[in-house]
Amino acid sequence: MYNIDLLSDRVVSEGMERRWNRELLRQDRIFNAKVRTIGVDQVALDSQVKVRREREDVEKQSVKQCAADLVRNDRTACLLEQRQAKDERQLQDATRGFRQAFQQPWSRREFDLNDSEHLKTQEGVQMLPGLTGEDTDQRARLKRQREQLREWSVQQQNELNTARYQQSLEEHQYDRDRVDLDNRALLLQNMEEQRRRAVALTTKDFNLAMAAAGSERRHQERQQEEEDRRAHILNQQQGDLLSESLEQSTSTLGLRRLRPDSYKGLTPEQQLSIIQQQQEQVVQGKRLQAEKVLEEAQQAQRRLAAARTAVLQERQQARVARQLRRELDDTNAQLAAARLAKKTHLEEVYSNVPDESYFSQFNTGSR
């Protein structure tokens with residue numbers, strides 16, 4: 001009947017609204033893959049940022065270097081352009097000076113036809129007014145032109161003869177220089193051949209001397225070896241080694257000692273002692289052979305007993321294995337029956353299959 005809005009209810013509703021708004025903002029941050037920060041590899045991102053900044057720094061350095069190269073190339077181009085312009089100006093000044101010095105208008109062959117001041121400088125009879133086409137100085141002008149042509153021809157012929165003479169002098173000098181170079185090369189070649197020949201002769205003499213010295217040394221060594229061999233044979237023939245005296249084998253240190261270098265055989269007492277030792281060795285060998293046969297018989301008996309024991313152990317192990325196998329089969333049968341019973345029980349208890357509404361209740365909040 002009365003709609004009363006309490007302060008506590010308003011505070012509770014505002015708090016719920018704030019929490020709901022925070023939840024919506026949190027869901028937007030978490031479920032939005034573009035702004036989500038959970039699970040981000042910060043180290044990898046920092047390394048990528050560092051690599052990108054390094055690449056940008058390298059690109060900036062490259063751009064600066066290119067700009068510096070461009071500025072340097074522009075300055076170089078400007079300097080070359082200024083130098084070319086300066087060279088062109090110098091060439092033009094030189095051409096202009098040459099023309100002013102050697103190519104004046106009055107030095108031309110047809111200057112008298114284009115000279116506007118010819119009539120003013122002409123002396124003697126002047127033309128009558130109205131006779132502008134008459135040329136009274138034609139013969140003298142033609143004569144001067146022929147003389148000038150003849151002078152030019154003579155000058156050109158002299159220049160041509162001078163050039164030919166200069167060329168002949170240069171060719172003659174070139175031929176003479178070439179002959180001198182050839183003679184010098186031939187002289188150097190002869191000197192080199194003489195030096196090689198002298199070195200070869202010296203080497204040959206040294207090799208011959210070394211070969212002679214080597215052959216002489218080998219000859220002396222062979223002679224010394226032959227003399228040593230003859231002296232050794234003579235010493236053997238005259239020494240005590242080939243004598244038949246038993247006293248020579250007796251050592252000066254005692255009667256029981258022998259001289260190995262003069263030993264000539266055994267004495268009868270030594271031979272009898274050796275025969276007795278051989279007989280004792282035969283008896284001992286027979287005894288050892290009998291002991292060996294007895295030992296082999298005992299080993300054969302021990303091997304037979306061990307084989308019988310092994311057979312009995314194998315039979316016992318087979319019986320134990322069959323008993324264990326029967327127990328294992330019984331245990332497996334019991335486990336299979338229990339698993340089947342449990343499966344049947346689960347199928348009876350969990351008969352409902354979850355649908356889409358069951359999975360939609362999960363992951364609805366940000367917490």
Side-chain angles (χ1 to χ4, degrees), residues 21-117 148 151-153 155-189 191-192 363 366:
N21 291 331
R22 286 199 300 269
E23 180 66 21
L24 291 177
L25 293 175
R26 181 180 174 85
Q27 290 180 4
D28 187 29
R29 289 196 306 271
I30 291 176
F31 295 114
N32 190 357
K34 294 184 179 180
V35 297
R36 183 171 61 240
T37 59
I38 298 176
V40 176
D41 190 358
Q42 190 66 28
V43 177
L45 293 178
D46 294 339
S47 63
Q48 291 177 1
V49 172
K50 183 178 179 181
V51 171
R52 186 185 64 185
R53 289 179 179 175
E54 291 178 354
R55 185 170 63 251
E56 290 177 354
D57 294 339
V58 172
E59 291 178 356
K60 289 180 181 178
Q61 292 293 333
S62 178
V63 170
K64 290 181 180 179
Q65 185 67 28
C66 292
D69 294 339
L70 291 175
V71 172
R72 185 172 61 256
N73 294 332
D74 292 340
R75 290 178 179 177
T76 305
C78 291
L79 292 175
L80 292 175
E81 186 176 0
Q82 292 176 3
R83 184 177 299 174
Q84 184 178 2
K86 183 178 179 181
D87 294 340
E88 290 179 355
R89 287 195 301 271
Q90 291 178 357
L91 180 61
Q92 291 176 1
D93 294 340
T95 304
R96 191 181 300 109
F98 177 79
R99 288 176 179 175
Q100 290 178 359
F102 302 101
Q103 293 182 354
Q104 293 296 330
W106 58 80
S107 63
R108 299 177 183 175
R109 183 173 56 184
E110 64 274 5
F111 175 73
D112 54 351
L113 299 178
N114 300 323
D115 188 7
S116 60
E117 302 295 333
Q148 188 176 8
E151 292 177 358
W152 286 350
S153 299
Q155 185 178 0
Q156 291 178 358
Q157 188 67 28
N158 293 331
E159 292 177 356
L160 182 59
N161 294 330
T162 304
R164 288 178 179 176
Y165 179 72
Q166 185 68 25
Q167 183 178 3
S168 63
L169 290 177
E170 291 178 357
E171 291 178 355
H172 180 68
Q173 184 66 27
Y174 173 75
D175 294 336
R176 186 166 55 190
D177 294 341
R178 186 175 61 184
V179 171
D180 293 339
L181 290 176
D182 293 339
N183 294 331
R184 186 176 298 176
L186 184 60
L187 179 61
L188 292 176
Q189 184 177 2
M191 292 173 64
E192 181 67 20
N363 201 17
S366 61

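Worth knowing before you read on, the calculation uses all heavy atoms, side chains too, and leaves out hydrogens, waters and symmetry mates.
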Engineer: Atom CZ in R184, atom CD in Q189: separation rounded to 0.5 Å?
Structural biologist: 15.5 Å
Engineer: Do D182 and R178 come within less than 4.5 Å of each other through their side chains, counting heavy atoms only?
Structural biologist: yes
Engineer: How about Q61 and D57: does a side-chain donor come under 3.5 Å of a side-chain acceptor?
Structural biologist: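 Looking only at side-chain atoms, D57 and Q61 do not form any donor-acceptor pair under 3.5 Å.
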Engineer: What do the steps show when you test K86 against Q82 for side-chain contact (heavy atoms from CB on, under 4.5 Å), and what is the final call?
Structural biologist: CA-CA 6 Å; K86 183 178 179 181; Q82 292 176 3; over 6 Å; no
Engineer: Within the structure provided, determine whether R55 and R52 are in side-chain contact (heavy-atom separation under 4.5 Å).
Structural biologist: yes
Engineer: Flag yes if more than 12 heavy atoms outside R176 fall under 6.0 Å of its CZ atom; otherwise flag no.
Structural biologist: yes
Engineer: Would you check if there is a donor-acceptor pair between the side chains of Q155 and E151 at a distance under 3.5 Å?
Structural biologist: no
Engineer: With no hydrogens and no angle check, is any side-chain donor or acceptor of T162 less than 3.5 Å from a backbone partner on N158?
Structural biologist: yes
Engineer: To the nearest 0.5 Å, how far apart are CG in N161 and CD in Q156?
Structural biologist: 11.5 Å
Engineer: Working to the nearest 0.5 angstrom, can you tell me the gap between E54 CD and S47 OG?
Structural biologist: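 It is 10.0 Å, given to the nearest 0.5 Å.
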Engineer: About how many Å separate NZ of K60 and CZ of R53, when rounded to the nearest 0.5 Å?
Structural biologist: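 Result: 10.0 Å between the selected atoms.
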Engineer: Output the distance between atom OG (S153) and atom CG (L160), rounded to the nearest 0.5 Å.
Structural biologist: 12.0 Å
Engineer: Mind running side-chain contact (heavy atoms from CB on, under 4.5 Å) on V71 and R75 for me, showing each step along the way?
Structural biologist: CA-CA 6 Å; V71 172; R75 290 178 179 177; 3.6 Å; yes
Engineer: Let me confirm one number: the CG-CD distance from D74 to E81, rounded to the nearest 0.5 Å.
Structural biologist: 11.0 Å
